Amino acid sequence: MPSPRRWRPSRSTGRASVVETWRPNGYDTAMPTYEKTYLKDIVSRELSLAQRSLGDVAGTSTIEIRPSERPEFGDYSTNLAMIEAKASGRVPRKVAEALTAALAKILSAAGIAKAEVAGPGFVNLFLSPACIRSALRSLLADGDEYGSSQRGGGVRLQVEFVSSNPTGPLTVGHGRQAVLGDVLAALYERLGYDVQREYYFNDQGRQVDLLAESLWVRYRELFGESREIPEGGYQGEYLKDMAVEVRPIVGAGHKEFNADTLMIFRAQAVTRISDGIRKDLDALGIRFDSFFSEATLHRDGKVDAALKGLRAHNAVYDEEGAVWLRAEDFGGAKNSVLIRSDGRPTYVMVDIAYHMDKRSRGFERVIDVQGADHQVEQTCVKAALRALGIPETFLSYAVHQFVSLKQGGAVQRMSTRAGRFVTLRDLLGEVGSDVVRYFMISRKPEAHLDFDLDLAKSQSLDNPATYIQYAHTRIASLFRKAGVETISPDVDLAPLEAREELELIKKLDLFPEVLETAAISFAPHLVAEYALDVARSFHAYYDRFRVLGEAERVIAARLALLHAVRIVLARSLRVLGMTAPEEM
RNA sequence: GCGCCCGUAGCUCAGGGGACAGAGCAACGGCCUUCUAAGCCGUUGGUCGGAGGUUCGAAUCCUCCCGGGCGUGCCA
């Protein structure tokens, strides 16, 4: 069970994988939505009632209400008394006793049935079975909308991810970012944001020029010439294949590499690679709303305009013929060049212009998913936006570490330029989208990911992705057998009284909070963990409890419970971009 | 040198101030006349990299050290 990560105000010293984070705004209670979860809301309400009767002011900032770790600790535990004691200099257990006494006076069958003091001052809360069952009824009422909310209030949010240079096929490494970005986007959609997925194309500049020249070299090789791939150019085999494709289109000339050749080969290379990238993304089930071309920024004068803006805010200075960003004065890691001494803008300059453009397109929030190697640049862009007076909450970076491939026990870093990589397409050919997505998302972003190729290829039976999907399948199969399609809203849930059944309901109750925490903390792996946990609980339950053949009302109640499990599994898999099969 | 990330069971990893540290895989032992056994149950397995410190309480926060990764470009 993942104990959901607590949200913290943004601090530069906070979790570095979340350079900035924020609280969703625009709360709207019209839609199914919870402060925490259905049950925690109940507990929280009764606790504050009790607290108020004691004359204490609820300081709810750091108090925790969470599922108890052991049965004798009840259903939920809170550290409220210990926090309160610390604030007021009182003795924790005394505060806890006063609180439980106050709770005893308001105990309602609808909620907390019993409260006990334990340990250093925990208050353990026992919920009535009816109360727990009411969470199930609420879940069933939400149906396929369970876990969604309108907290985002329709705020326009852009998630920018992958944004790989069109200089080579997507690698396994890009795959991680692709899945991470896509799942983050899906999470924010669930939270009621108006989300756009954008891919930024660096289709201008030195890298694509080098690509064009590298392609041209391969092209000349077809005529028996032997030429050097330029310094920093692209060595990969894929350009040899491409040269063969391109030859009949561009003809036999082009003996020298000049401005014309550059344009022709660049257009060929960029178009072909971009098409390939889109196909790869498609194979992963990722669809972008927008592909944004860097070239348009230059063409439309956005880069000049951004520089002008920075100058007006006294954020730049001239030195050694170059224009520098005063990044350090605005919280950046390092002053950096914006305009080279030869007059060409740097990547950072263009990136600043790009973000100005995002802002002018009306996005209130932007999440950039990037690899950890962009750390310094990120602080520079942030510094520039700060200098321009753009609110801190506008831009957040979701940073992830790299993927290494593990094969035959050896770990290898990949490099597109050196032509040393395993393509995403090759991987997808062998493992399948669902498993790839699960592998990519199941690790926290800030941890390095060793993608074990042998395991992924050979061990599809033992992997968690299959385990979760199988749980969904078993439930679907049961409903087919039972010939039941819908659950009546007023089904009698009273037969659900076994400990396992109530535990299962409590677990399902956590779903909305898991989604929200995963989104806010940029931690999609929490959803993967949670889904696995639910699947595990289901399998254990399903093995011990029969459904068909029991008394009529028991069948109905258990089907209702399993329907709820199916909803949560299907919703989880959906957010992760995985299929929820009806049969396997 | 400086900045950031990681170090938890044999392996891959969750947990990021709370009560005896969790899961999957691996190993060992059980469970199919019954809703998919692609499953379940049990056992074995840990100086939470190390040392100090803060706290009623530290795997979690602070300092230092060790090991691995990424940065520290007028590359992107």
Side-chain angles (χ1 to χ4, degrees), chain A residues 1-3 5-6 8 15-17 19 62 64 66 68-70 73 77 79 82-83 85-86 91-93 118-122 124 163-165 167 202 205-208 210 232 294 319-324 333-334 336-342 344-348 350-351 371-377 379 399-402 404 406 413 417 439 442-450 452 455 459-464 466-467 469-471 473-482 525-526 528-529 532-533 536 538-550 555 558 562 583-584:
Chain A
M1 226 274 330
S3 74
R5 203 171 285 181
R6 201 154 251 297
R8 287 190 195 80
R15 306 183 63 79
S17 65
V19 175
T62 57
E64 277 180 355
R66 54 178 202 182
S68 302
E69 285 170 16
R70 280 184 281 164
F73 294 161
S77 304
N79 62 353
M82 287 183 286
I83 298 297
K86 184 169 251 175
V91 180
R93 283 195 68 105
F122 289 102
N124 293 329
S163 298
S164 153
N165 289 339
T167 54
N202 298 111
R206 185 156 166 270
Q207 294 307 315
V208 285
L210 284 168
E294 173 183 347
E319 193 176 288
E320 295 173 8
V323 181
W324 293 70
K334 208 177 171 189
S336 61
V337 171
L338 295 180
I339 306 293
R340 301 179 179 91
S341 43
D342 66 3
R344 291 153 53 228
T346 61
Y347 178 80
V348 172
V350 182
D351 209 17
D373 53 341
H374 290 252
Q375 173 200 331
V376 170
E377 170 209 326
T379 69
V399 181
H400 65 91
Q401 293 289 335
F402 297 100
S404 304
K406 212 169 82 175
R413 272 300 315 278
R417 292 187 201 180
F439 265 67
S442 61
R443 204 129 307 164
K444 61 182 171 185
E446 66 268 33
H448 295 267
L449 172 61
D450 283 347
D452 191 330
L455 188 75
Q459 210 179 345
S460 58
L461 288 187
D462 281 326
N463 84 51
T466 312
Y467 181 87
Q469 290 175 320
Y470 179 53
T473 302
R474 288 181 94 179
I475 298 174
S477 173
L478 173 67
F479 274 80
R480 277 196 302 275
K481 192 144 291 187
H525 70 287
L526 294 176
E529 288 273 326
L532 183 60
D533 192 42
R536 195 156 36 228
F538 159 74
H539 283 305
Y541 171 73
Y542 198 54
D543 193 70
R544 277 189 71 169
F545 293 78
R546 293 231 105 228
V547 177
L548 305 183
E550 299 290 327
I555 293 178
R558 289 185 179 165
L562 293 179
E583 48 191 318
M584 290 169 72

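The model shown is predicted, which means the values in this text are computed figures rather than measured ones.
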> Given the rule that a pair is Watson-Crick or G-U wobble with both distances under 3.5 Å, how would you write RNA chain B in dot-bracket, using | for pairs to a different strand?
Replying inline: (((((((..((((....[...)))).(((((.......))))).....(((((..]....))))))))))))....

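- Summary of the strand contacts: A:R480 and A:D342 both lie near RNA chain B, and taking for each the nucleotide with the nearest heavy atom, the more 5' one is attributed to A:R480.
- Contact annotation: the side chain of A:Q207 never approaches that of A:N202 to less than 4.5 Å [non-hydrogen atoms, C-beta and beyond].
- No side-chain heavy atom of A:S341 sits under 4.5 Å from any side-chain heavy atom of A:E320.
- Checked against B:rC70, B:rA38, B:rC35, the side chain of A:M584 finds its nearest nucleotide in B:rA38.
- Looking at A:S341, its side chain comes within 3.5 Å of the base of B:rC74 through a donor and an acceptor atom.
- Against the 90° criterion about 0, the sugar-base torsion of B:rC32 places it in the syn range.
- Of the candidates B:rG18, B:rA76, B:rA38, B:rA38 carries the atom nearest the A:T466 side chain, counting heavy atoms from C-beta on.
- The shortest side-chain heavy-atom distance between A:L478 and A:L548 falls under the 4.5 Å cut-off.
- Counting non-hydrogen atoms under 4.0 angstrom, A:S336 reaches nothing in the nucleic acid.
- Taking atom CD of A:E377 as the reference point, atom P of B:rC74 lies 13 Å away to the nearest angstrom.
- The same atom, P, is picked in B:rA51 and in B:rG71; the two are 32 Å apart, to the nearest Å.
- Among the heavy atoms of the strands lying under 4.0 Å from A:F545 is at least one base atom, whether or not backbone atoms are also near.
- Positionally, the nearest nucleotide of RNA chain B for A:F479 lies more toward the 5' end than for the other of A:F479 and A:V337.
- With sequence neighbours excluded, the residues forming a side chain to side chain contact (heavy atoms under 4.5 Å, CB included) with A:R93 are A:E97, A:V117, listed by chain and number.
- Residues satisfying the side chain to side chain contact (heavy atoms under 4.5 Å, CB included) criterion with A:Q375, sequence neighbours excluded, are absent altogether.
- Between B:rG15, B:rG18, B:rC74, one nucleotide has an atom nearer to the side chain of A:E320 than all others, and that is B:rC74.
- B:rU44 and B:rU33 have their C1' atoms separated by 34 Å, with the value rounded to a whole Å.
- Residues passing the ring pair (Phe, Tyr, Trp, His ring centres under 6.0 Å) test with A:F73: none are found, sequence neighbours excluded.
- Side-chain contact between A:H539 and A:Y467 is present, with at least one heavy-atom pair separated by less than 4.5 Å.
- Considering only heavy atoms from C-beta on, A:M584 comes within 4.5 Å of A:T466 through its side chain.
- Side-chain atoms of A:K86 and base atoms of B:rG57 include a donor and an acceptor less than 3.5 Å apart.
- Rounded to an integer number of Å, the gap from CG of A:D533 to C1' of B:rA14 is 11 Å.
- The side chain of A:E446 sits closest to B:rC6 out of B:rG18, B:rC6, B:rC56.
- As rounded to the nearest Å, B:rC41 and B:rG57 have P atoms that lie 38 Å from one another.
- B:rA59 and B:rG50: their C1' atoms are spaced 14 Å apart (whole Å).
- Counting only heavy atoms from C-beta outward, the side chains of A:R558 and A:Y541 approach each other to under 4.5 Å.
- The base of B:rA76 has none of its N or O atoms less than 3.5 Å from a complementary donor or acceptor on the side chain of A:T167.
- Residue A:A322 places its side chain closer to B:rC74 than to any other of B:rC75, B:rC56, B:rC74.
- As judged by a 4.0 angstrom heavy-atom cut-off over every strand, A:P464 is placed among residues making no nucleic acid contact.
- When the P atom is compared between B:rC11 and B:rA27, the two are found 15 Å apart, to the nearest whole Å.
- Here the nucleotide nearest the side chain of A:Q207, chosen from B:rC35, B:rA76, B:rG18, is B:rA76.
- Considering all non-hydrogen atoms of both residues, A:V399 and A:A372 come closest at CG1-CA, 3.6 Å.
- Among the protein residues, A:A118 comes within range of the nucleic acid bases, having at least one heavy atom under 4.0 Å from a base atom.
- Across all strands, A:Q469 comes closer than 4.0 Å to no nucleic acid atom at all (heavy-atom distances).
- Judged as a side chain to side chain donor-acceptor pair (under 3.5 Å), and not counting sequence neighbours, A:N165 has no contacts.
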Report, one pair per line, the protein and nucleotides 1-3 of chain B atoms (nitrogen or oxygen only) whose separation is under 3.5 Å.
residue: B:rG3; atom: N2; partner: A:Q375; partner atom: OE1; Å: 2.8

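- Contact between the side-chain N/O atoms of A:H525 and the OP1/OP2 oxygens of B:rG15 is found at a separation under 4.0 Å.
- Residue side chain A:F402 fails the stacking definition with respect to B:rC70, as its ring centre and the base's six-membered ring centre are not both under 5.5 angstrom apart and under 30 degrees in plane angle.
- Here B:rC75 is the nucleotide among B:rC75, B:rG71, B:rA19 with the atom lying nearest to any side-chain atom of A:R206.
- Dashed line: the shortest gap from a side-chain N or O of A:R93 to OP1 or OP2 of B:rG57 is not under 4.0 Å.
- Nucleotides B:rU60 and B:rG53, compared at atom C1', are 15 Å apart to the nearest Å.
- Considering only the side chain of A:E64, B:rG18 comes nearest among B:rC56, B:rC75, B:rG18.
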Close N/O contacts between protein and nucleotides 40-46 of chain B (under 3.5 Å):
residue: B:rC40; atom: OP1; partner: A:Y467; partner atom: OH; Å: 2.5
residue: B:rC40; atom: O2'; partner: A:D543; partner atom: OD2; Å: 2.9

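- A salt bridge links A:D342 with A:R344: the distance from a Lys NZ or Arg NE/NH1/NH2 to an Asp or Glu carboxylate oxygen falls below 4.0 Å.
- For A:Y542, the ring pair (Phe, Tyr, Trp, His ring centres under 6.0 Å) test picks out A:F538, with sequence neighbours left out.
- Separation of the P atoms belonging to B:rG10 and B:rG45 is 11 Å when rounded to the nearest angstrom.
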What pairs of nitrogen or oxygen atoms, one from the protein and one from nucleotides 8-13 of chain B, lie under 3.5 Å apart?
residue: B:rU12; atom: O2'; partner: A:R443; partner atom: NH1; Å: 3.3
residue: B:rU12; atom: O2'; partner: A:R443; partner atom: NH2; Å: 3.1
residue: B:rC13; atom: OP1; partner: A:R443; partner atom: NH1; Å: 2.7

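- Checked against side chain to side chain contact (heavy atoms under 4.5 Å, CB included), A:H448 has the following partners two or more places apart in sequence or in another chain: A:Q401.
- Side-chain to base pairing of A:N463 with B:rA38: no donor and acceptor N or O lie closer than 3.5 Å to each other.
- Spacing of P atoms, B:rU63 relative to B:rU54, comes out at 15 Å, to the nearest Å.
- Side-chain contact between A:D533 and A:E529: absent, with no pair of heavy atoms (C-beta onward) separated by less than 4.5 Å.
- Partners of A:R480 according to the side chain to side chain contact (heavy atoms under 4.5 Å, CB included) rule, which considers only residues two or more places apart in sequence or in another chain, are A:A476, A:S477, A:E582, A:E583.
- As rounded to whole Å, 14 Å separates atom P of B:rG18 from atom CZ of A:F73.
- By the side chain to side chain donor-acceptor pair (under 3.5 Å) test, A:R546 pairs with no residue at all, sequence neighbours left out.
- Here A:V376 lies in heavy-atom contact (under 4.0 Å) with sugar-phosphate atoms only.
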